[in-house]
Every structure is written in structure tokens, then in C-alpha cells.
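Take a look at the structure set out below.
Letters go in sequence order (proteins before strands), and every chain restarts at 1.
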Amino acid sequence: MAAWKSDFLNVLAERGFIHQGTNLQGLDARAAKETLTGYIGFDATARSLHVGSLIQIMMLYWLQQTGHRPIALMGGGTTKVGDPTGKDHQRAMLTDAEIDANIASIKGVFEKFLRFGAGPKDAIMTNNDEWLSKLGYVEFLRDYGTHFTINRMLTFDSVKLRLERESPMTFLEFNYMLMQAYDFHELYNRCGCLLQMGGSDQWGNIVNGVELCRRKDGVEAFGLTTPLLTTASGKKMGKTEAGAVWLNADLFSPYDYWQFWRNTEDADVAVMLARFTVLPIEEVNRLAALGGSEINEAKKILANEATALLHGRDAASEAAETARRTFEEGAAAEGLPTFIASMESLKAGLSVFAPLLETALIASNGEGRRHIKAGALRVNDAPMTEERPLSDADLVDGVIKLSIGKKKHALVKAG
RNA sequence: GGAGGGGUGGGAGAGUGGCUAAAUCCAGCAGACUGUAAAUCUGCCCGCUUCGGCGUACGGUGGUUCGAAUCCACCCCCCUCCA
């Protein structure tokens with residue numbers, strides 16, 4: 001008894017991707033009878049996307065899996081302007097070179113989730129800088145400015161919030177929503193794109209695009225948003241002790257990524273399995289029903305599946321094995337962050353802080369000293385209560401295992 | 001251009017001459033309890049340190065003072081109203 005006629009909406013609905021849509025029935029009808037093209041825009045403000053964007057990537061994934069064509073739109077042009085949504089302050093300007101470098105660095109992630117190519121259902125990646133930077137100011141104002149009223153724009157949350165907080169919003173940022181609306185219109189004309197998806201905070205921007213398509217092109221385009229990602233305890237998802245959970249492996253290792261999922265709160269496991277793995281929904285429901293400490297098995301599966309999607313099955317297995325040896329056997333497992341120390345430096349006495357800093361377990365010597373005072377630092381699982389240098393006598397089978405707390409571990413190897 | 005208000009640590013937000021590395025809250029880290037969970041309780045939360053201290057820090061630059069986030073001058077930026 002599927003609620004929708006199209007596979008696309010059925011999958012999204014049962015996996016919890018749908019927050020609101022402009023005309024879900026209409027979208028459903030079209031998705032059921034033809035191949036749709038849909039897009040999501042991604043900002044290029046950092047070298048990597050982080051898990052906060054993963055829900056959007058998964059939407060593109062399912063769009064393709066259910067027989068449609070996804071477009072990953074890189075916001076090269078819009079990033080120059082800066083999306084004011086959810087920001088209290090104007091953000092720092094990025095140079096063109098920085099934006100280009102960010103896009104180049106971000107791109108790879110999509111290839112893990114989407115099948116690109118030239119076929120009718122192959123994913124497309126494009127960059128809105130391609131058309132936005134060519135727009136002439138006067139032409140743009142005449143052709144598009146007439147379709148937007150200030151009255152309306154002032155009612156959008158992104159604008160309203162700034163005004164209420166008396167936080168400045170520049171005209172530049174104010175134009176962001178026009179540019180995003182223009183993107184939709186442009187993508188419709190380029191490749192018949194009729195669907196824009198995004199986070200619930202993008203609703204206003206998306207609706208603008210839908211309306212622009214109706215006014216300029218006389219077509220009904222569709223908008224679809226995902227729920228805001230928060231954990232059951234109300235925190236924003238995607239921040240860990242070390243900062244953001246990046247998708248690029250060079251910024252956040254597959255092991256850390258695996259750990260991130262492994263540490264999901266109990267109450268979130270079901271939702272995370274549905275959204276961030278591609279396990280059949282029956283399996284998701286079965287795992288989600290596990291109670292008490294059995295839920296840990298579900299968390300491991302979540303970690304395995306989510307990591308496999310992004311970094312590949314091998315990396316996921318490796319991370320799982322490292323975690324198993326580290327946490328279940330308490331061993332010094334391969335795969336943990338490793339610091340190579342020369343034998344001479346060990347014999348001479350190596351500051352414990354050097355490897356801890358290098359492996360990012362601590363941010364400063366002072367933090368390391370505090371951890372020692374708090375009894376949080378362990379060398380080969382024995383607490384270090386007084387600061388002392390590491391020496392070759394600490395080597396166990398050629399390795400020293402350093403731990404901060406229960407979760408952060410690193411190895412020192414002689415080499 | 002004029003008048004008034006404001007710029008403080010990751011965020012919010014106190015502080016109006018020394019007791020201030022700067023209240024409080026949020027976020028973060030660690031310890032205890034556990035299940036690598038949540039909740040709770042406890043400690044920490046600028047850097048360096050031979051643990052005695054030292055160095056930076058309250059928009060910027062100068063100044064007053066034994067001593068300034070706090071007072072003065074100039075500059076930069078933001079908000080509100082007026083032109």
C-alpha cells in the first residue's frame with residue numbers, strides 16, 4: 001500500500017527525506033510517468049562538504065536509483081555572493097581562486113554516490129558560475145528583477161531574521177535568492193530540470209525558483225525539502241569534538257568517519273540507518289527495533305554501511321576492524337593515527353605531547369598537561385599521572401599506544 | 001553630512017580604572033556511571049612554562065595613569081533616526 005505512485009517519492013517518504021514540497025501530488029504524477037531531472041545546489045565555502053550535506057547527496061542518489069537524472073550544482077557563482085540563510089553575520093569573502101579550489105576538492109565526493117556520464121539518466125555536474133558571472137546587470141534587472149518584490153523578499157526568514165536582530169545584511173547578500181532562483185530557470189532551459197531539492201532552510205530560495213520558472217518559462221517546476229538534521233537530543237548534526245565531520249578523506253579519515261557513525265545516539269539509530277545507508281527498509285526497521293545494548297550491533301552496521309558508501313567497502317571493513325581491536329580487545333590496532341618516532345629520539349626521551357599534537361589528539365601542550373592532571377592520558381593503557389617523556393622502554397612489540405579518554409587513540413612507532 | 005547607540009574569548013552576553021585571562025549561558029574536552037549511547041554529577045576550557053612564572057588578548061593607532069576592556073584623542077566598521 002504505497003502512499004505514492006512513483007518509486008522516487010515512495011523511497012524518500014519511507015526513509016524520512018521529505019519535509020515539504022510545493023506540489024507533491026503533481027511531482028509524484030510526473031515522476032511516475034517520465035524521467036525527471038532534479039538538482040541540488042552546493043556551496044563551495046570549504047574544501048570539503050561535511051555530513052550536513054550528506055542528506056542532500058543521498059536525495060540525489062535516490063533520484064538516480066529510482067530512474068531519474070540528478071544534477072549536482074556547484075555554487076561557484078552563488079558562493080561569491082554568500083547565502084545569508086542561517087547566518088547572523090555576513091561571512092568572509094572568498095576569492096575566485098579559493099572557490100575554484102574548493103570546488104575541485106569537493107567534486108570527488110559525488111562520484112562515490114552518483115553515476116556520471118552522457119546517458120539520459122547519468123548524473124550531471126555543473127557550476128552556476130558558468131552562467132551567473134556572464135549576467136549583465138541591467139539586463140538581469142530588467143528581465144528578472146521585475147519578478148521579485150521587495151515586499152515579498154523581506155518576509156523570507158533569511159532576511160527577516162537579520163532585520164530583527166539588527167544585524168546588517170548587504171545588498172549583495174540580499175541578491176543571493178535571486179541568483180538561486182535564476183539557477184533553477186537556467187537549469188530548466190539547459191536540461192529540462194524541473195525539480196530543486198534542498199534543506200528545509202532553503203525553502204524560501206527554492207520557492208522563488210519555482211515561481212520564476214512559472215513566470216519566465218510557463219512551466220510548473222517542483223521544490224522538495226528535507227527535514228533539518230538534528231540529533232534526538234536536539235544538537236546540530238555533524239559536529240564532533242574535532243570540529244566538522246568532513247566527507248573528504250584527507251580532512252577526516254575513514255576511521256574517524258566510521259567512529260562518527262558508531263557513536264550515534266541510541267534514539268537516532270533508526271533515522272540514520274534509513275537516511276544514510278541503502279539497506280532495505282525492512283532491514284532498517286529490524287535493526288532499529290533492537291533494544292538495550294543490542295542497539296550497538298545496529299550502530300556497527302550503520303557505521304559499516306555509511307562508511308562503505310563514502311569511502312568504499314574495504315575502507316569500511318578496515319575501520320571496523322581497527323575499532324574492534326581497539327575497543328573490544330584493547331589492542332594497539334593498525335589503522336589508528338600513527339606517529340613515527342626515530343629510535344634515537346625515543347632513547348633520548350620523546351615528549352608525549354609531540355605525537356599527541358601530530359595526531360590531533362590534543363591541540364596544545366597545555367591541553368595535554370590538563371589531560372594528565374585529569375587522569376585522561378594513558379600510555380599502553382596505563383594512566384600517566386606525571387608528565388614524563390616516552391622512551392624506547394615504552395615500546396610493546398615496536399609500538400606505543402597513546403589514549404586520551406576512551407575514544408581517542410593513536411600509535412607511536414619506532415622507525 | 002548631522003544626532004544618538006554600539007564593536008568583548010567558538011557563539012550569545014556581563015563588565016565602565018586595580019580584587020579581570022575577563023561573570024553567566026550555550027557549544028566543546030576529560031573523569032565518574034555505562035553499552036565507544038543518552039541523561040546526570042564533577043573537573044577543565046588563550047599560548048608557553050624548569051609550575052615560580054612569562055607572553056599575548058576586550059575593533060585599530062596613539063595618549064593619560066604606578067595601573068585601562070574600562071578614561072582621552074584620532075581612525076575604521078556596524079545599528080537607529082534625520083538630511
Looking at B:rA37, I'd like to know if its phosphate oxygens (OP1 or OP2) sit under 4.0 Å from a side-chain N or O belonging to A:K407.
yes
Would you list the protein and nucleotides 46-53 of chain B atom pairs, both N or O, that sit under 3.5 Å from each other?
residue : atom : partner : partner atom : Å
B:rG47  : OP1  : A:S364  : OG           : 3.1
B:rG47  : OP2  : A:R370  : NH2          : 3.0
B:rC48  : OP1  : A:N365  : N            : 3.0
B:rC48  : OP2  : A:G366  : N            : 3.1
B:rU49  : OP2  : A:N365  : ND2          : 3.1
B:rU49  : OP2  : A:R369  : NH1          : 3.0
B:rU49  : OP2  : A:R369  : NH2          : 3.3
B:rC51  : N4   : A:R369  : NE           : 3.0

With a non-hydrogen cut-off below 4.0 angstrom, is A:T326 in contact with a base, only sugar-phosphate, or nothing?
nothing
Checking all strands, does A:E294 fall into the base, sugar-phosphate, or nothing category for heavy-atom contacts under 4.0 angstrom?
nothing
Pairwise [atom1] distance for [N] and [M], with rounding to whole Å:
{"N": "B:rU70", "M": "B:rA22", "atom1": "C1'", "value": "11 Å"}
{"N": "B:rC19", "M": "B:rC25", "atom1": "C1'", "value": "24 Å"}
{"N": "B:rU24", "M": "B:rG60", "atom1": "C1'", "value": "29 Å"}
{"N": "B:rC71", "M": "B:rC79", "atom1": "P", "value": "24 Å"}
{"N": "B:rC82", "M": "B:rA12", "atom1": "C1'", "value": "32 Å"}
{"N": "B:rA69", "M": "B:rG15", "atom1": "C1'", "value": "8 Å"}
{"N": "B:rG28", "M": "B:rU80", "atom1": "P", "value": "33 Å"}
{"N": "B:rA38", "M": "B:rC33", "atom1": "C1'", "value": "12 Å"}

Given B:rU36, B:rU34, B:rG35, the nucleotide with the shortest approach to the side chain of A:I295
B:rG35
Any N/O donor-acceptor pair, A:Q259 side-chain to B:rU36 base, under 3.5 Å:
yes
Please give, in whole Å, the distance from [N] [atom2] to [X] [atom1]?
{"X": "A:L377", "N": "B:rG31", "atom1": "CG", "atom2": "P", "value": "10 Å"}
{"X": "A:L361", "N": "B:rC29", "atom1": "CG", "atom2": "P", "value": "13 Å"}
{"X": "A:K300", "N": "B:rA37", "atom1": "NZ", "atom2": "P", "value": "13 Å"}
{"X": "A:K408", "N": "B:rG28", "atom1": "NZ", "atom2": "P", "value": "12 Å"}
{"X": "A:E265", "N": "B:rA39", "atom1": "CD", "atom2": "P", "value": "6 Å"}
{"X": "A:I372", "N": "B:rG31", "atom1": "CD1", "atom2": "P", "value": "13 Å"}
{"X": "A:W261", "N": "B:rA37", "atom1": "CH2", "atom2": "C1'", "value": "15 Å"}
{"X": "A:L356", "N": "B:rA30", "atom1": "CG", "atom2": "C1'", "value": "14 Å"}

Inter- and intrachain pairs under salt bridge (charged side-chain N to carboxylate O under 4.0 Å, His left out), touching residues 126-136 of chain A, at least two apart
A:K80-A:D129, A:E130-A:R190
Salt bridge (charged side-chain N to carboxylate O under 4.0 Å, His left out) pairs touching residues 355-377 of chain A, sequence neighbours excluded, are A:R369-A:E387
Before giving the answer on side-chain hydrogen bond (donor to acceptor under 3.5 Å, both in side chains), spell out for A:D183 and A:T78 the whole-Å C-alpha distance, their side-chain angles and the decisive distance to 0.1 Å.
CA-CA 9 Å; A:D183 280 346; A:T78 30; 4.6 Å; no
Assert yes or no for the condition that the ring centre distance of A:H50 to A:F252 is strictly below 6.0 Å.
no
Quick check on RNA chain B: between A:N263 and A:R378, whose nearest nucleotide comes earlier from the 5' end?
A:R378
Want to settle it: does A:A374 or A:R262 sit nearer the 5' end of RNA chain B, counting the closest nucleotide to each?
A:A374
My understanding is that only residues two or more places apart in sequence, or in another chain, count here; which of them pass side-chain hydrogen bond (donor to acceptor under 3.5 Å, both in side chains) with A:E139?
none
Kindly write out the residues that satisfy side-chain hydrogen bond (donor to acceptor under 3.5 Å, both in side chains) with A:D217, not counting sequence neighbours, or none if the list is empty.
A:H185, A:N189
Kindly assign one of parallel, tilted or perpendicular to the pair A:F276 and A:W261, based on the angle between their ring planes and the thresholds 30° and 60°.
tilted
Compare all side-chain heavy atoms of A:R275 with those of A:M58 and state whether any distance is below 4.5 angstrom.
no
Are A:L356 and A:L377 close enough that some pair of their side-chain heavy atoms sits under 4.5 Å apart?
yes
Apply side-chain contact (heavy atoms from CB on, under 4.5 Å) to residues A:Y39 and A:T126 and explain how you reach the verdict.
CA-CA 10 Å; A:Y39 90 97; A:T126 184; over 6 Å; no
Dot-bracket, 5' to 3', for RNA chain B please: Watson-Crick or G-U pairs under 3.5 Å, [ ] where pairs cross earlier ones, | where the partner sits on another strand, dots elsewhere.
((((((((.[[[..)..(.....]]].(((((.......))))).(((....)))...[[[[[..)....]]]]]))))))).
In sequence, state the C-alpha distance, the side-chain angles, and the governing distance for A:M177 and A:M153, and then conclude on side-chain contact (heavy atoms from CB on, under 4.5 Å).
CA-CA 9 Å; A:M177 61 175 85; A:M153 288 166 78; 3.7 Å; yes
